Protein chains: 2
Amino acid sequence: MARKLSTLDPQRLDNQICFAVYSAAHAFNRVYKPLLDRLGLTYPQYLVMLVLWERDDVPVKDIGEKLFLDSGTLTPLLKRLEAAHLVKRTRSREDERQVMIALTAQGHALKEKARSVPQSILAASDCSVSELVTMKDEIVALRDRLNAVIGE
Amino acid sequence: MARKLSTLDPQRLDNQICFAVYSAAHAFNRVYKPLLDRLGLTYPQYLVMLVLWERDDVPVKDIGEKLFLDSGTLTPLLKRLEAAHLVKRTRSREDERQVMIALTAQGHALKEKARSVPQSILAASDCSVSELVTMKDEIVALRDRLNAVIGE
DNA sequence: CCGAATTAGATTGCGCACAATCTAATTGCC
DNA sequence: GGCAATTAGATTGTGCGCAATCTAATTCGG
């Protein structure tokens, strides 16, 4: 009876989806780390590079919207990517408030070296692609509902 | 054709389950924040309190194993909880290497004030309990497979 | 027993994340 | 045109998260 109650107790750690997501994010990070170390990237930096490999020469704001990050996070991160000669930061001429982020040749070239990363992650997940796609879609839907609540 | 390819491209941001998990974790954090502010806790501190509300007077190591965190994270966090008079840190007498973490009266009392948190999160998730339980179990299974790979 | 290896936790340093605040540029409104 | 409101980034401060290193206590193998 006490056992049955505890598996329903919403205040129990193991019953919380948020902790599942939180701890899964850290587990992913730990799997990515050795792969990204070889590229000289952290995981958030890798995310920024993924954005730029899809579309180059974008304002900081667009990167922030895609990754759900603000300038307080992105400004120093992008300065580090610039120091690593992977991107160039330039004030937009049309709108001087914007800073445009463009890949350098090195930044472009890194895409090839990063090509094997997703399949290494897939292998570590030890899970079929279709299962992962289903889970991903469910998690994205949940995330979007949560983000909708934040905007009231 | 190009469109079809891009929806399969493993190097695309939107195709990566890890980004889904990463961004969902941040979304959860943003939903929790105003709820936890009222308790004077951050989300990781709330997780530690959840552990202690289940079982009091445990060594730091046990907390770390439950939350997948190490002393570099927990030591300063626990010192902040102690400064907030929610826990007491004492060297174990049997094994002087261990530091035991015990709730104060205030720490115990906070459990009642935190009781409404999970249902607020459930409401924000805008999702049935059974759906959430299924997702949670899938995510935990994935996390555990990832963690298994890390330990080689 | 005693020295080596292991273990628990603390410390240092770096890189996010984000709130709050600031500056400068642009837009909107009259 | 001119002033208020908005917008894009930068800055500052706090709190994780983790690698690397350190100390002190305990355990293990001979």
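Owing to the predicted nature of the structure, the values given are computational and were not obtained by experimental measurement. Just so it is clear, the values below take in all heavy atoms, side chains as well, and ignore hydrogens, waters and symmetry mates. In what follows, chains carry the letters A, B, and so on, assigned in the order in which the sequence lines appear, proteins first and then strands, with residues in each chain numbered from 1.
Here dA25(C) presents its C1' atom at 6 Å from CZ of Arg97(A), a figure rounded to the nearest Å. dC18(D) atom P lies 11 Å from atom CG of Leu67(B), rounded to whole Å. A straight line from CG of Asp95(B) to P of dA8(C) spans 8 Å, rounded to a whole angstrom. For the pair Asp62(A) CG and dT7(D) P, the interatomic distance rounds to 15 Å; values are reported in whole Å. Nucleotide dA25(C) holds its P atom 7 Å from the CD atom of Glu96(A), rounded to whole Å. The separation between His26(B) atom NE2 and dA17(C) atom P is 4 Å, rounded to whole Å. Whole-Å rounding puts the Leu81(A) CG to dG15(C) P distance at 11 Å. Rounding to whole angstrom units, CG of residue Asp70(B) and C1' of dC16(D) are separated by 11 Å.
Of the candidate nucleotides dC18(D), dT26(D), dG9(C), dG9(C) has the atom lying nearest to any side-chain atom of Lys61(B). Side-chain proximity of Val60(B) to dT26(D), dG9(C), dC18(C): nearest is dG9(C). Comparing dG9(D), dA8(C), dA19(C) against the side chain of Arg91(A) picks out dG9(D) as the nearest. With dA25(C), dT26(D), dG9(D) as the choices, the nucleotide that has an atom nearest any side-chain atom of Pro59(A) turns out to be dG9(D). Among the nucleotides dC16(D), dA8(D), dA8(C), the one closest to the side chain of Gln98(A) is dA8(D). Listed nucleotides: dA25(D), dA10(C), dG15(C). Nearest to the side chain of Arg89(B): dA10(C).
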(request) Decide ring-ring contact (aromatic ring centres under 6.0 Å, His included) for Tyr43(B) and Tyr22(A); before the verdict, give the C-alpha distance in whole Å, the side-chain angles of both, and the deciding distance to 0.1 Å. (result) CA-CA 10 Å; Tyr43(B) 182 68; Tyr22(A) 166 90; 5.5 Å; yes
(request) Just do the side-chain contact (heavy atoms from CB on, under 4.5 Å) check on Phe68(B) and Arg143(B) with the steps written out, would you? (result) CA-CA 11 Å; Phe68(B) 307 97; Arg143(B) 176 199 73 197; 3.7 Å; yes
(request) Apply side-chain contact (heavy atoms from CB on, under 4.5 Å) to the pair Ile101(B) and Val60(B), showing each step before the final yes or no. (result) CA-CA 7 Å; Ile101(B) 307 298; Val60(B) 173; 3.9 Å; yes
(message) Pair Asp56(B), His108(B) - check side-chain contact (heavy atoms from CB on, under 4.5 Å), show working.
(response) CA-CA 9 Å; Asp56(B) 198 359; His108(B) 268 296; 3.3 Å; yes
(request) Starting from the C-alpha separation in whole Å, work towards a yes-or-no answer on side-chain contact (heavy atoms from CB on, under 4.5 Å) for Leu39(B) and Leu110(B). (result) CA-CA 7 Å; Leu39(B) 306 177; Leu110(B) 198 63; 4.2 Å; yes
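Residue Arg93(A) has no polar side-chain atom (N or O) positioned under 4.0 Å from OP1 or OP2 of dT26(C). Regarding contacts with the backbone of dC16(D), every side-chain N or O of Tyr22(A) stays at 4.0 angstrom or more from both OP1 and OP2. Contact between the side-chain N/O atoms of Thr42(A) and the OP1/OP2 oxygens of dG15(C) is not found at any separation under 4.0 Å. Within the structure, every side-chain polar atom (N or O) of Ser71(B) is placed at least 4.0 Å from both OP1 and OP2 of dA8(C).
Side chains of Leu146(A) and Ser125(B) form a contact here, defined as non-hydrogen atoms less than 4.5 Å apart. Using a 4.5 Å heavy-atom cutoff, the side chains of Asp126(A) and Leu142(B) are not in contact. Leu52(A) is not listed as a side-chain neighbour of Leu86(A), based on a closest heavy-atom distance of 4.5 Å or more. Residues Gln45(A) and Val48(A) fail the side-chain proximity criterion, which asks for heavy atoms closer than 4.5 Å. Side-chain contact between Gln119(B) and Pro10(A) is absent, with no heavy atoms from C-beta onward closer than 4.5 Å.
Take the nearest nucleotide of DNA chain C for Glu94(A) and for Leu69(A): the residue whose nucleotide is more 5' is Leu69(A). Along DNA chain D, the nucleotide nearest to Glu65(A) and the one nearest to Phe68(B) differ in position, and the one closer to the 5' end is contacted by Glu65(A).
Residues from residues 73-80 of chain B with heavy atoms under 4.0 angstrom of DNA chain D, sorted by number: Thr73(B), Leu77(B), Arg80(B). Using a 4.0 Å cutoff on non-hydrogen atoms, the parts of residues 27-41 of chain B near DNA chain C are Arg30(B), ordered by number. A heavy-atom distance below 4.0 Å to DNA chain C is reached by none of the residues of residues 43-55 of chain B.
Between Asp62(B) and Lys66(B) there is no salt bridge, since no side-chain N of the basic residue sits under 4.0 Å from a carboxylate O of the acidic one. Salt-bridge annotation for Glu82(A) and Lys88(A): absent, with no side-chain N of the basic residue lying under 4.0 Å from a carboxylate O of the acidic one. A salt bridge does not link Glu96(A) with Arg91(A): every distance from a Lys NZ or Arg NE/NH1/NH2 to an Asp or Glu carboxylate oxygen is 4.0 Å or more.
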